[in-house]
Engineer: 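Sharing a structure below in structure tokens format, with a few things to ask.
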Amino acid sequence: GKSYKHLVENCTKECPNGSDDECGDGMSCFNMSEEEKSCSAAGVGIKAKTDPENLWCGESWIHMLENCPKPCPEGTDEECGDGMICYDMSNE
């Protein structure tokens with residue numbers, strides 16, 4: 001997946017050898033062997049997709065709630081930069 005969020009929402013492609021090269025398209029291989037629930041079929045996600053409008057960056061949960069400094073529609077911390085984390089507000 002492009003991120004863990006992308007992986008669980010899409011279960012895009014299996015990578016049996018554990019190599020990012022197997023994934024293609026800039027995606028990474030994630031080890032789900034320790035997960036409670038894991039992908040069983042390509043293209044069938046194990047988690048409902050998150051509305052990108054609910055994903056916001058912040059230095060902490062409180063900082064994100066008070067400032068909403070930047071959206072992170074892909075759900076990755078890398079989108080945030082500056083040591084911020086991408087938070088999902090859909091459960092609030």
Side-chain angles (χ1 to χ4, degrees):
K2 294 178 182 178
S3 65
Y4 187 78
K5 174 187 166 304
H6 179 259
L7 167 70
V8 296
E9 290 179 354
N10 299 284
C11 293
T12 311
K13 185 177 181 182
E14 188 176 4
C15 47
N17 295 320
S19 167
D20 292 347
D21 293 335
E22 296 174 84
C23 301
D25 196 28
M27 293 188 287
S28 299
C29 185
F30 289 87
N31 180 353
M32 297 188 77
S33 63
E34 302 289 321
E35 299 292 328
E36 185 175 309
K37 190 173 182 184
S38 61
C39 296
S40 59
V44 181
I46 57 174
K47 182 181 177 212
K49 292 188 179 192
T50 304
D51 182 346
E53 291 185 18
N54 288 327
L55 300 170
W56 289 87
C57 300
E59 294 171 5
S60 67
W61 179 256
I62 298 297
H63 177 259
M64 181 273 305
L65 289 174
E66 291 176 347
N67 300 286
C68 294
K70 182 178 177 183
C72 47
E74 293 296 319
T76 66
D77 295 343
E78 289 79 17
E79 293 174 90
C80 299
D82 297 327
M84 291 191 287
I85 297 170
C86 184
Y87 290 96
D88 181 355
M89 293 177 45
S90 62
N91 294 327
E92 289 302 302

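Not measured: the values here are computed from a predicted model. Nothing fancy with the numbering, it's 1 onward along the sequence.
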Engineer: Do the side chain of Asp82 and the main chain of Met84 share a donor and acceptor less than 3.5 angstrom apart?
Structural biologist: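 Side chain of Asp82 to backbone of Met84: no pair is present.
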Engineer: In sequence, state the C-alpha distance, the side-chain angles, and the governing distance for Glu22 and Ser19, and then conclude on side-chain hydrogen bond (donor to acceptor under 3.5 Å, both in side chains).
Structural biologist: CA-CA 6 Å; Glu22 296 174 84; Ser19 167; 4.6 Å; no
Engineer: Begin with the C-alpha distance, continue with both residues' side-chain angles, and end with the deciding distance and a verdict on side-chain contact (heavy atoms from CB on, under 4.5 Å) for Met32 and Tyr4.
Structural biologist: CA-CA 10 Å; Met32 297 188 77; Tyr4 187 78; 4.2 Å; yes
Engineer: For Asn10 and Thr12: C-alpha separation, side-chain torsions, deciding distance, then whether side-chain hydrogen bond (donor to acceptor under 3.5 Å, both in side chains) applies.
Structural biologist: CA-CA 5 Å; Asn10 299 284; Thr12 311; 5.0 Å; no
Engineer: Would you mind telling me which of Cys80, Cys68, Pro73 makes a side chain to side chain contact (heavy atoms under 4.5 Å, CB included) with Trp56?
Structural biologist: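 Only one option passes, and that is Cys68.
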Engineer: State the CD1-CD distance between Ile46 and Glu36, to the nearest 0.5 angstrom.
Structural biologist: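 The CD1 atom of Ile46 sits 10.0 Å away from the CD atom of Glu36.
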Engineer: Taking SG to SG, are Cys29 and Cys15 separated by less than 2.5 Å?
Structural biologist: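 Their SG atoms fall under 2.5 Å; a disulfide, then.
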Engineer: Looking at Phe30 and Leu7, what are the two nearest heavy atoms and their distance?
Structural biologist: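 Nearest pair, atom of Phe30 first, then Leu7: CB-CD2, 3.5 Å.
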Engineer: Going through the distances and angles, do Asp51 and Ser90 end up as a side-chain contact (heavy atoms from CB on, under 4.5 Å)?
Structural biologist: CA-CA 7 Å; Asp51 182 346; Ser90 62; over 6 Å; no
Engineer: Give the minimum heavy-atom separation between Gly58 and Tyr87, together with the two atoms involved.
Structural biologist: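 In this case the closest contact between Gly58 and Tyr87 is O-CE1, 3.5 Å.
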Engineer: Does Glu14, at its CD atom, have more than 12 non-hydrogen atoms belonging to other residues, nucleotides or ligands within less than 6.0 Å?
Structural biologist: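 Not more than 12 within 6.0 Å, no.
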Engineer: Would you say Cys57 and Cys86 have SG atoms less than 2.5 angstrom apart?
Structural biologist: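 No, no disulfide: SG-SG not under 2.5 Å.
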Engineer: With side chains defined as the heavy atoms from C-beta onward, is the minimum distance between Asp25 and Lys2 less than 4.5 Å?
Structural biologist: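 Result yes, sub-4.5 Å side-chain heavy-atom pair found.
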Engineer: Find the distance between CE (Met64) and NZ (Lys70) and round it off to the nearest 0.5 Å.
Structural biologist: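 Reported to 0.5 Å precision, the distance equals 15.5 Å.
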Engineer: Locate the shortest heavy-atom distance separating Cys11 from Gly45; write the atom from each residue and the value.
Structural biologist: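 Of all heavy-atom pairs spanning Cys11 and Gly45, the closest is SG-CA, 3.9 Å.
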Engineer: Could you report the tightest heavy-atom contact between Thr50 and Lys47, atom names first, then the distance?
Structural biologist: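 Closest pair (atom of Thr50, atom of Lys47, distance): OG1-NZ, 4.0 Å.
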Engineer: First locate atom OG of Ser3, then atom CG of Asp77, and finally report the distance between them rounded to the nearest 0.5 Å.
Structural biologist: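 With rounding to 0.5 Å, OG (Ser3) is 9.5 Å from CG (Asp77).
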Engineer: By the definition side chain to side chain contact (heavy atoms under 4.5 Å, CB included), identify the one residue from Met89, Lys5, Glu74 that meets it with Leu55.
Structural biologist: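 The single option meeting the side chain to side chain contact (heavy atoms under 4.5 Å, CB included) with Leu55 is Lys5.
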